[in-house]
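The figures here come from the full heavy-atom set of this structure, side chains too, leaving out hydrogens, waters and symmetry mates. A, B, ... follow the sequence lines: proteins, then strands. Residue 1 opens every chain.
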Number of protein chains: 2
Amino acid sequence: MPKLVANDIAIALKKRISLGEWMENGRMPPERDLASEFGVARNTVRRAVGLLEDDGTVVRHVGRGTFLTAANPASMAATVARMEGTSPADMMEIRQLLEPAAASFAATNASAGELNAVREAHKIACASQDMPTFEHWDAEFHHRIFACSRNDFLKEIHNLMRILRNQRPWFEMKKRSFSEERRATYCSEHQVVLDALLARDSEGASNAMLTHLRTVERNLLGR
Amino acid sequence: MPKLVANDIAIALKKRISLGEWMENGRMPPERDLASEFGVARNTVRRAVGLLEDDGTVVRHVGRGTFLTAANPASMAATVARMEGTSPADMMEIRQLLEPAAASFAATNASAGELNAVREAHKIACASQDMPTFEHWDAEFHHRIFACSRNDFLKEIHNLMRILRNQRPWFEMKKRSFSEERRATYCSEHQVVLDALLARDSEGASNAMLTHLRTVERNLLGR
DNA sequence: TTTATCTGATCCAATAATGAACCATTCATA
DNA sequence: TATGAATGGTTCATTATTGGATCAGATAAA
């Protein structure tokens, strides 16, 4: 039985909360009740509820109970939740704003070691034999360019985009759009970006990145 | 049955991962289960999973299990947490990338009503007498421009920036940098942006916004 | 033969879940 | 006001699950 049950219970509870359960009075059942309902020890339920508490879904009061937090529309969590619903088209538009800039920053700011890491990712991606490996090192190539942009906020935005790209709508899209020919195209476009970075040519890097992203957008969205 | 079974298993696992398996909770089955599923010794599965780990596809924790790095629900929260620590300088750099683009989109995409809302925010900001009121309507002006950019992802990124700007380091900074003269400067610069929007001049809007953000950066960071 | 891989097995270390007891706070009610 | 029930907070010993590590033997490839 013990297989990260607490985690699963937390997920189940969040689902039920999001479906409106316990909304009338905003009060969740006592831990002891949940424990028997889930057929699990109270300590386990406590851990699960602790997770909800950590991400602000819920607050607990001794002697009173556990309560749903009032939905705060301005909260970070809500923003992130909405982000998960944005379209690939919108994100591609923003990537075309940010990534050329990141490449440009990288060309001027990156250390030799960082550029080496970029080159390494490129090499592995080009040599990869299966689609998932290519996917991973392709993403890593882009990520490492952001990593040497010397702008932490930019890096974190890219992190967000990377996470979102690993979710629902993107999966189907990437699967559909993958082909050996496109992989070759991406590799040669990455090479141009890499060469510009190594030459410390920030305008060249920016342009090469933009060209690449337009190709990606065309492949992904079929424009 | 000769060689590299581990490699084949690794590829099979990656394929299944890339098709979305184990995405809900981001947790792979225990090695012992995979071993029996693939009809192979655990050591072999360990090697295969070791390859995924080298890849960065997966992380392993003794006593807990093996987890996909991409689908980790905590990774989003961690990213956001790190964002809270990024510097105003870094964020201003990114604002100068995004907001001119947002203004440009708005100039072409906004409805008359939306532009009216922008004008309204501008008017109230200019008429405001105290710093908090001005702050609020200044932020609202920018926000409403993003709101008519017709790009949901861009809007949410701005939302994030807005939340971050209402936290510690920014607050002090804004207070320190505020003055009646600067308020007047901001109003006149906003006016230029607004005029360009109303004229549907996307390049003009973009340039005016960039000019304004450079002023803000200079005032905030003292460059 | 030599080398690399897979097998099957055993033990270790870290983490999770259980079940139980006891504490602290709140609240309704006697 | 005082009592007791309900509820979250804490701790502990025990058991189960899981990845980490190692080893001797079998098997296939160079």
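The CE atom of A:Met28 sits 16 Å away from the C1' atom of D:dA6 (whole-angstrom rounding). Between B:Leu52 atom CG and D:dG19 atom P the separation is 13 Å, expressed in whole Å. Separating the CG atom of B:Asp8 from the P atom of C:dC6 is a distance of 9 Å, rounded to the nearest angstrom. The nearest whole Å value for the distance from the CG atom in A:Asn7 to the P atom in C:dA17 is 8 Å. What separates CG of A:Leu34 from C1' of D:dT7 is a distance of 12 Å, to the nearest Å. Per the geometry, CZ belonging to B:Arg46 stands 16 Å off P belonging to C:dT5, to the nearest Å. The separation between B:Phe38 atom CZ and C:dC6 atom P is 13 Å, rounded to whole Å.
Listed pair A:Thr66 / D:dT7 fails the phosphate criterion, with no side-chain N or O lying under 4.0 Å from OP1 or OP2. Between A:Arg60 and the phosphate of D:dT7, there is no side-chain N or O to OP1/OP2 separation shorter than 4.0 Å.
With 3.5 Å as the limit, one finds a donor-acceptor pair spanning the side chains of A:Asp195 and A:Gln191. No hydrogens or angles considered: a donor-acceptor pair under 3.5 Å links the side chains of A:Asp138 and A:His190. Defined by atom type and a distance below 3.5 Å, a donor-acceptor pair is present between the side-chain atoms of A:Glu189 and A:Thr215. When only modelled atom types and interatomic distance are considered, A:Thr57 and A:Lys14 share no side-chain donor-acceptor pair under 3.5 Å. No hydrogens or angles considered: a donor-acceptor pair under 3.5 Å links the side chains of A:Asn116 and A:Arg119.
With the 3.5 Å cutoff on both pairing distances, Watson-Crick and G-U pairs in DNA chain C assemble into runs of at least 3 at C:1-30 with D:1-30.
When every heavy atom of A:Ser149 is checked against every heavy atom of A:Lys155, the shortest pair comes out as OG-CG, 4.3 Å.
Screening A:His158, A:His122, A:His212 for a ring pair (Phe, Tyr, Trp, His ring centres under 6.0 Å) with A:His142, the sole residue that qualifies is A:His212.
Between the B:Ser128 side chain and the B:Thr133 main chain, no donor and acceptor come within less than 3.5 Å of each other. Although no hydrogens or angles enter the test, the distance criterion places a donor-acceptor pair under 3.5 Å between the side chain of B:Ser87 and the main chain of B:Asp90.
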Polar-atom pairs under 3.5 Å, protein N or O versus N or O of nucleotides 7-15 of chain C: list them with distances, or write none.
unit_1: C:dT7; atom_1: OP2; unit_2: B:Ala41; atom_2: N; d: 3.0
unit_1: C:dT7; atom_1: OP2; unit_2: B:Thr44; atom_2: OG1; d: 2.4
unit_1: C:dG8; atom_1: O6; unit_2: B:Asn43; atom_2: ND2; d: 2.3
unit_1: C:dA9; atom_1: N6; unit_2: B:Asn43; atom_2: ND2; d: 3.3

